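Some notes on the structure that comes next.
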Amino acid sequence: VTAGSGRNFRINNCTFNWVKLVDKVEFPQGSGNEQWELQVMTDSLEEAAHWHQANLVVKEEIEVTKLPDGTKQYGKPTGFYTASLKRKAKLRDGTEKKPAVVVDSQTQPMSTELVNSIGNGSTGSITMYQYHWTYAGKSGITSDVQAVQVSGLRPKADAATSDFDIVPGADVTNANSANDASLPIE
């Protein structure tokens with residue numbers, strides 16, 4: 001992409017994380033700038049290199065462990081590579097933009113409720129428009145998400161229980177039945 005030109009770019013068969021394609025997100029917080037966003041992920045170094053060559057900021061994911069005191073401990077690479085993508089909600093002149101088009105595997109538009117349910121680990125493809133920008137003495141290339149096709153929907157976890165971890169070896173069925181048996185039924 002060179003100054004004064006743009007191009008369409010497509011990422012096929014990637015994994016989605018942190019999908020926010022219905023409700024706008026303020027970024028950076030407190031700036032008043034709103035956008036829709038999502039993260040794409042791959043375990044292919046070759047695909048990650050392709051994204052990098054296409055001017056996406058690619059990061060290698062590393063293990064993060066939350067310690068009891070609330071701090072984080074960083075470990076070894078996970079073998080996954082990510083890139084964060086966005087679509088600004090307004091043009092520079094303040095004109096409102098529409099969110100990216102989201103379709104299912106049969107290219108049928110997805111309902112707002114279904115789009116809101118796209119959870120981490122869902123899979124699909126993305127098309128974006130890339131263009132060169134210059135502002136306040138800086139320049140770069142941005143990628144504006146145009147459309148998302150969801151080929152493998154993995155619904156979000158229930159927000160009320162999503163902070164819990166799975167407890168290996170726990171026998172919930174027996175624990176509940178023992179508790180229920182001791183409760184008087186009225």
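Numbering of residues begins at 1 and proceeds along the displayed sequence. The figures here come from the full heavy-atom set of this structure, side chains too, leaving out hydrogens, waters and symmetry mates. Predicted, not measured: the structure shown is a model, and the values here were computed from it.
- The salt bridge (charged side-chain N to carboxylate O under 4.0 Å, His left out) pairs that include a residue from residues 70-87 are R87-D144, where partners are two or more places apart or lie in different chains.
- Minimum interatomic distance between L38 and V19 (heavy atoms only, all atoms of both residues): CB-CA, 4.0 Å.
- The shortest side-chain heavy-atom distance between N55 and T142 does not fall under the 4.5 Å cut-off.
- The ring-ring contact (aromatic ring centres under 6.0 Å, His included) analysis of residues 14-39, with sequence neighbours excluded, yields no pairs.
- Scored by the side chain to side chain contact (heavy atoms under 4.5 Å, CB included) test, S105 finds S151 as partners (sequence neighbours excluded).
- Each of I126 and F80 belongs to its own hydrophobic cluster when Ile, Leu, Val, Met, Phe, Trp and Tyr are linked at side-chain heavy-atom distances under 4.5 angstrom.
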List the atom pairs, with distances to 0.1 Å, where a side-chain N or O of residues 41-49 and a protein N or O form a donor-acceptor pair under 3.5 Å, not counting sequence neighbours.
residue, atom, partner, partner atom, Å
T42, OG1, S44, N, 3.1
S44, OG, E46, N, 3.4
S44, OG, E47, N, 3.0
E47, OE2, W51, NE1, 2.8

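- Under the rule for a side chain to side chain contact (heavy atoms under 4.5 Å, CB included), the partners of N33 that lie at least two apart in sequence or sit in another chain are S31.
- Within the model, atoms CD of Q35 and CD of E26 stand 10.0 Å from one another, a figure rounded to the nearest 0.5 Å.
- For N8, the side chain to side chain contact (heavy atoms under 4.5 Å, CB included) partners are Y129, not counting sequence neighbours.
- Considering only heavy atoms from C-beta on, P99 stays 4.5 Å or farther from L21 through its side chain.
- Contacts of F9 classified as ring pair (Phe, Tyr, Trp, His ring centres under 6.0 Å), with partners at least two apart in sequence or in another chain: H50.
- Looking only at side-chain heavy atoms (C-beta outward), I118 and V148 stay at 4.5 Å or farther from each other.
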Quiz item: Would Q39 and L85 satisfy side-chain contact (heavy atoms from CB on, under 4.5 Å), going step by step from the backbone distance to the final call?
Solution: CA-CA 6 Å; Q39 181 189 75; L85 304 175; over 6 Å; no
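- Scored by the side chain to side chain contact (heavy atoms under 4.5 Å, CB included) test, Q108 finds D104, Q106 as partners (sequence neighbours excluded).
- Smallest separation of non-hydrogen atoms from N120 and R154: O-CD, 3.6 Å.
- Here the side chain of K97 pairs no donor or acceptor atom with the backbone of L91 at under 3.5 angstrom.
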Quiz item: Given V40 and T15, is the side-chain contact (heavy atoms from CB on, under 4.5 Å) satisfied, shown in steps?
Solution: CA-CA 6 Å; V40 291; T15 301; over 6 Å; no
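- When side chains are defined from C-beta on, T123 does not count as touching N13, because their heavy atoms never get closer than 4.5 Å.
- More than 12 heavy-atom neighbours from other residues, nucleotides or ligands sit within 6.0 angstrom of NZ on K20.
- Under the salt bridge (Lys or Arg N to Asp or Glu O under 4.0 Å) criterion, E96 pairs with K24, K90, not counting sequence neighbours.
- For D23, the salt bridge (Lys or Arg N to Asp or Glu O under 4.0 Å) test picks out no residue, with sequence neighbours left out.
- Using a 4.5 Å cut-off between side-chain heavy atoms of Ile, Leu, Val, Met, Phe, Trp and Tyr, I62 falls into a hydrophobic cluster with V64, Y74.
- Other residues sharing the hydrophobic cluster of V103, ordered by chain and number and joined by side-chain separations under 4.5 Å: V101.
- In this structure, V25 and E37 approach most closely via the heavy-atom pair CG1-OE2, 3.7 Å.
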Quiz prompt | Trace of the side-chain hydrogen bond (donor to acceptor under 3.5 Å, both in side chains) decision for T78 with E61 | solution = CA-CA 6 Å; T78 63; E61 292 296 299; 5.9 Å; no
